[in-house]
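Taking it in order: structure first as structure tokens, then the write-up.
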Amino acid sequence: MIEVKDKIFKPYLGQPTIEKRVKELGREISKDYRGKDPIIIGVLNGAYIFLSDLSKAIDIPAEISFIKISSYEGDSSTGKVKRLIGLDVELKNRHVLLVEDIVDTGLSMINLLSQVNEKEPASVKTVTLLYKPDALRHNVALDYIGFQIPNKFVVGYGLDYDGFGRNIPEIYQLST
Ligand code: IMP
């Protein structure tokens, strides 16, 4: 058990489990995108550790960039997406992969997809390490999913609770 701010979390996904799945995703993406020189866009802050490990598991030429948005306060969605750092790369006719840490209601991913689609890419696909199917409220296509998880709050491996817990190397689940 660990404590992050005022809440207690229990171990959920350990390092070997995460590492194995991230490597599998990297291999799959490398196979699907060979010859396409994709541009991979990580969603800050949460995806920074996942994208770091995933990008090292991708063995084809790829550009890496970031976008920063925010929709969560504490442990729940505000229902609104704030754009904090926009896209600074040309996406026209490029193959884009959007990389999220977690898809919860799907609101962030819907918003990101519309921002990317405005720039007329050749294709857009989505990657998420974690997916909570029971929390989904928006119809969003998820192309690469690391793990489907129950609708419980998680921290670690980039995911935070009120700003804390991102640097925990494994994923922990709210205990209760
Ligand atoms: P959505 O827009 O509701 O799909 O939420 C996506 C964003 O909310 C993620 O990128 C995270 O920043 C945050 N989020 C959703 N669920 C969790 C969680 O269980 N732990 C930490 N952050 C979460």
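A quick note: this is a predicted structure, and the numbers were derived from the prediction, not measured. Order of appearance sets the numbers: ligands from 1, and atoms from 1 within every ligand.
Note on ring orientation: taking the six-membered ring where Trp is involved, the planes of Y161 and F153 are perpendicular (angle over 60°, cut-offs 30° and 60°). Taking the six-membered ring for Trp and thresholds of 30 and 60 degrees, H95 and Y33 have ring planes more than 60 degrees apart, a perpendicular arrangement.
The pair R21-E24 counts as a salt bridge, with a side-chain nitrogen and a carboxylate oxygen less than 4.0 angstrom apart. With respect to D59 and K31, no salt bridge is recorded, no charged nitrogen being found less than 4.0 Å from a carboxylate O.
In summary, the atoms of ligand 1 found under 4.0 Å from a heavy atom of E100, numbered by their order in the structure, are 10 (O). Those atoms of ligand 1 that come under 4.0 Å of a heavy atom in K132, given as number and element, are 16 (N), 17 (C), 18 (C), 19 (O). The contact set between ligand 1 and L107, taken as ligand atoms under 4.0 Å from a residue heavy atom, comprises 2 (O), 4 (O). Atoms of ligand 1 found under 4.0 Å from any heavy atom of T105 (numbered from 1 in listed order, with element): 1 (P), 2 (O), 3 (O), 4 (O).
Under the 4.5 Å side-chain criterion, counting only non-hydrogen atoms from C-beta, L54 is in contact with I29.
Contact annotation: for N45 versus ligand 1, there are no heavy atoms closer than 4.0 Å.
A heavy-atom separation below 4.0 Å is found between D160 and ligand 1. The closest approach between any non-hydrogen atom of G46 and ligand 1 is not below 4.0 Å. Ligand 1 has no atom lying under 4.0 Å from any heavy atom of H138.
To the nearest 0.5 Å, atoms CD (E3) and OH (Y172) are separated by 13.0 Å.
When all heavy atoms of L174 and K7 are compared, the pair lying nearest together is CD1-CD, 3.5 Å.
At a 3.5 angstrom cut-off on N or O pairs, L159 does not count as close to ligand 1. Considering both main-chain and side-chain atoms, M109 never comes within under 3.5 Å of ligand 1 through any nitrogen or oxygen pair.
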